[in-house]
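Right, one structure below, let's go through it.
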Protein chains: 2
Amino acid sequence: MALKEQKREITINDIAKELNISPSTVSRALNDNAKISEATKEKVKAVAQDLGYELNLVASSLSKNKTNVIGVIIPNIGSQFFAKALSGIQEVARANGYNVIICQTNESVQQEVDMTRVMNSARVDGLVCCLTMETKDVGHFDVFTKKGIPVAMFDRVSYAVPGPKIVVDNYEAAYTATEHLINLGCKRVAHLAGTTSSKVFCDRTEGFKDALQKNDLPLLPQYLLSSDLTEQDARDAVRIWMNLPDKPDGIVAASASSGLIISAAAKSAGVRLPEDLSIISLGNERCNEFVTPSLSAVDMPGYDMGKSAVEQLIKCIKSEKVDSSITLKPIQLLIRNSSFKH
Amino acid sequence: MALKEQKREITINDIAKELNISPSTVSRALNDNAKISEATKEKVKAVAQDLGYELNLVASSLSKNKTNVIGVIIPNIGSQFFAKALSGIQEVARANGYNVIICQTNESVQQEVDMTRVMNSARVDGLVCCLTMETKDVGHFDVFTKKGIPVAMFDRVSYAVPGPKIVVDNYEAAYTATEHLINLGCKRVAHLAGTTSSKVFCDRTEGFKDALQKNDLPLLPQYLLSSDLTEQDARDAVRIWMNLPDKPDGIVAASASSGLIISAAAKSAGVRLPEDLSIISLGNERCNEFVTPSLSAVDMPGYDMGKSAVEQLIKCIKSEKVDSSITLKPIQLLIRNSSFKH
DNA sequence: ATTACAAATGCAAGCGCTTGCATAAAATAA
DNA sequence: TTATTTTATGCAAGCGCTTGCATTTGTAAT
């Protein structure tokens, strides 16, 4: 194995020596401190460039007691919603000079707890977080609040943790979707709901229920199925519903992926879409455009949520007044071919 | 605004004082140094727990000159291939006690360059990277190689940068896909290729060409279109091909997303799939199962690539002999309804 | 010219942890 | 018991940067 070229890193001391000035002056010059003359600033920067100096963020962080790192904890990167959120997070963070360290919990509470410890050890300046569907106890965030490290939460949030919350109006999303189906003439609208331990899904269920009620449709218990929204759950729901004497003529799926599966399952069960059955899902994926029939959806503003979460967080870090403790965001109804005028 | 509770962080000195021993002993005890007696180790750990001590990774990194952070630079998180790669990366990294900091380049060379500087400032212990499609010059990686910081590349790699490379056999992927169509009876197979500046796509094109040749099919220039694989490019390709006197009866798409669009465009142009036209794409997305007809694909092992990349990288970090400079990975042919026996 | 003040730079401590080396304590050998 | 190891702990420097305060230099006011 070849010898490693152990080039020592260039430090501010090297620059200082080169110019016969003190390291503190170099540090200040590089940070554009007002007390340093333009002349020396230029000299210092030139030499820095020459020597290939690059600030050691680790050392800087230690002495400033500030890492310029934002920690992100999300359930999983694979979902398009979170991918978009991540993009928004990254963008705003970078634009403000923050680096981002990301962990996914895979919807496991234990992993969420572990990740908070990691973030704490890394001494992140702030935390952006979307909770697991199962997270009940939020004691693992106490470390941060106790130290004054802000925690911004989006989508799946807990009001037991102080800090900005970015949520979408899930009630309205479901209400809109349901009413859309009703307006198309659906009389028997069903809902595949998510776990009741998550406020997101409870709100959606409420929106669904209220839309029915406001439109004088009965809420039949067999039309409201609650599950973990796995692939199997979605298939089971379709099987159950399609064996009913009164099959539903409209389905509101609580998630993008379950909507996709419901649609596929119904289709392969011989149901004509959308003539016999209209489907709409809460949450949009790129895929929805490509399936046949293309799948209507209420789009959730993932990118914007990520973006605002970091914006608010950074305000907190700077001890600026944060915009609000709760932010509601607009949602978009994407009407495609899976929902059909009856 | 409420006063911030400025609880000072607990340090090893606090533990030391509490026990009337020196900070070095505390440090060693917490690190399970062999020179420390079991008795004191236990005492130290107990007090640490009590006080809620958590190692300050920043300070530790500075003094050890090692951050335990792996930097990841990828084109975009949105694609399922990269999302899977990321999962693999995360998993292995975490299992080995490394944190991960992630940046996306959005396929911009300039951003890639910027990101390397960030990674350098952050003093990552190693770098996992998938290059932009356009990256030609790789001088921005010199900083790392000069300092002996390993750089592992996957998928879109450059052999001009030392370090482990994890690639998939793109030639074989395309060859297999093409031959699959030929075996089904396709006589006029076309290929929408990616940019020629990327080895990945060149290899795929070669595989396509060779498969034709080996099977005694002519390579007609109008059947080989090269592009950036944008949505528009894919639509254009379909339009061109469908206006040919001799329309192709098989298409190999160089990417998952272009395959999806080609299929949709062909369908809406009235082409019967798969009776008139078989389609297969290089790269699989979840969506491929849901479209009608479901879209055949050669699956790329994103998760495994990310996983091996980090595995190799960590070996490098530990100065262990790395498995190989090039790793070829198996690929899986997923035959669905878009490719059809003629 | 003398004092007063502002501008520019240097000194030195400190951020929290690690680690080579010295030292003290305990255990073993002579 | 004394010399010799072995085992356990402490000392102090150092990682690279920041920053309050002291100091020097230059400039304006008296």
Side-chain angles (χ1 to χ4, degrees), chain A residues 6-45 47-48 51-69 97 120-125 147 149, chain B residues 6-45 47-48 51-69 97 120-125 147 149:
Chain A
Q6 272 300 8
K7 268 222 166 115
R8 210 177 46 70
E9 302 263 5
I10 307 295
T11 73
I12 53 170
N13 297 299
D14 299 321
I15 302 179
K17 244 165 249 164
E18 183 77 20
L19 287 170
N20 261 314
I21 58 180
S22 82
S24 23
T25 304
V26 174
S27 171
R28 291 192 174 101
L30 291 172
N31 288 309
D32 270 324
N33 185 306
K35 300 262 165 176
I36 301 294
S37 72
E38 281 308 317
T40 50
K41 274 187 194 173
E42 274 170 29
K43 271 188 281 178
V44 168
K45 285 177 186 174
V47 174
L51 266 44
Y53 170 83
E54 199 79 42
L55 172 67
N56 184 329
L57 275 182
V58 181
S60 174
S61 297
L62 180 60
S63 75
K64 290 204 290 194
N65 195 27
K66 178 167 190 319
T67 53
N68 263 273
V69 169
N120 182 27
S121 252
R123 300 292 194 267
V124 295
D125 289 343
K147 292 196 295 186
I149 304 289
Chain B
Q6 272 299 7
K7 267 224 166 109
R8 208 177 49 70
E9 302 262 6
I10 306 295
T11 73
I12 53 171
N13 298 300
D14 299 322
I15 302 180
K17 243 165 250 161
E18 184 75 20
L19 286 170
N20 261 314
I21 59 179
S22 81
S24 21
T25 302
V26 174
S27 170
R28 290 193 174 101
L30 291 172
N31 289 307
D32 268 327
N33 185 306
K35 301 262 167 176
I36 301 294
S37 72
E38 281 309 317
T40 48
K41 273 186 194 175
E42 273 169 30
K43 271 188 281 179
V44 167
K45 285 175 186 173
V47 175
L51 266 44
Y53 170 82
E54 198 80 42
L55 172 67
N56 183 330
L57 275 182
V58 181
S60 174
S61 296
L62 180 61
S63 76
K64 290 204 291 193
N65 194 27
K66 177 165 191 321
T67 53
N68 263 275
V69 169
N120 182 29
S121 252
R123 299 294 194 265
V124 295
D125 289 343
K147 293 196 294 186
I149 304 289

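Here is the naming used below: chain letters follow the sequence lines, and residue numbers restart at 1 for every chain.
Side-chain contact of A/Ser27 with A/Ser24: a donor-acceptor pair under 3.5 Å is absent, judged by distance alone.
In this structure, the side-chain contact (heavy atoms from CB on, under 4.5 Å) partners of A/Asn13, at least two apart in sequence or on a different chain, are A/Thr11, A/Pro23. Qualifying side-chain contact (heavy atoms from CB on, under 4.5 Å) partners for A/Asn68, counting only residues two or more places apart in sequence or in other chains: A/Lys66, A/Tyr98, A/Asp125. Residues satisfying the side-chain hydrogen bond (donor to acceptor under 3.5 Å, both in side chains) criterion with A/Asp14, sequence neighbours excluded, are A/Arg8. For B/Ser63, the side-chain hydrogen bond (donor to acceptor under 3.5 Å, both in side chains) test picks out no residue, with sequence neighbours left out. In terms of the side-chain hydrogen bond (donor to acceptor under 3.5 Å, both in side chains) criterion, A/Asn56 has no residue partners (sequence neighbours excluded). Annotation: side-chain contact (heavy atoms from CB on, under 4.5 Å) contacts of A/Asn33 (sequence neighbours excluded): A/Arg28, A/Lys35, A/Ile36. Evaluation of the side-chain hydrogen bond (donor to acceptor under 3.5 Å, both in side chains) rule for B/Ser61 yields no partner, not counting sequence neighbours. Remark: A/Asp32 engages A/Lys41, A/Lys45 in a side-chain contact (heavy atoms from CB on, under 4.5 Å) (not counting sequence neighbours).
In the helix from C/dA1-D/dT30 to C/dA27-D/dT4, the terminal helix axes, each the rotation mapping four pairs' C1' atoms onto the next four within five end pairs, subtend 50°, rounded to 10°.
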| message | Output one letter per nucleotide in nucleotides 4-17 of chain D: B when a protein non-hydrogen atom lies under 4.0 Å from the base, S when only the sugar-phosphate is that close, - when neither is. | response | ----BBBBB-BBBB
Restricting both atoms to N or O, compile the protein contacts to nucleotides 24-28 of chain C shorter than 3.5 Å, with distance only.
none

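Sorted by first and then second residue, the salt bridge (charged side-chain N to carboxylate O under 4.0 Å, His left out) pairs involving residues 53-65 of chain A (not counting sequence neighbours) are A/Glu54-B/Arg117.
Distance, A/Asn68 CG to D/dT18 P: 11 Å, rounded to whole Å.
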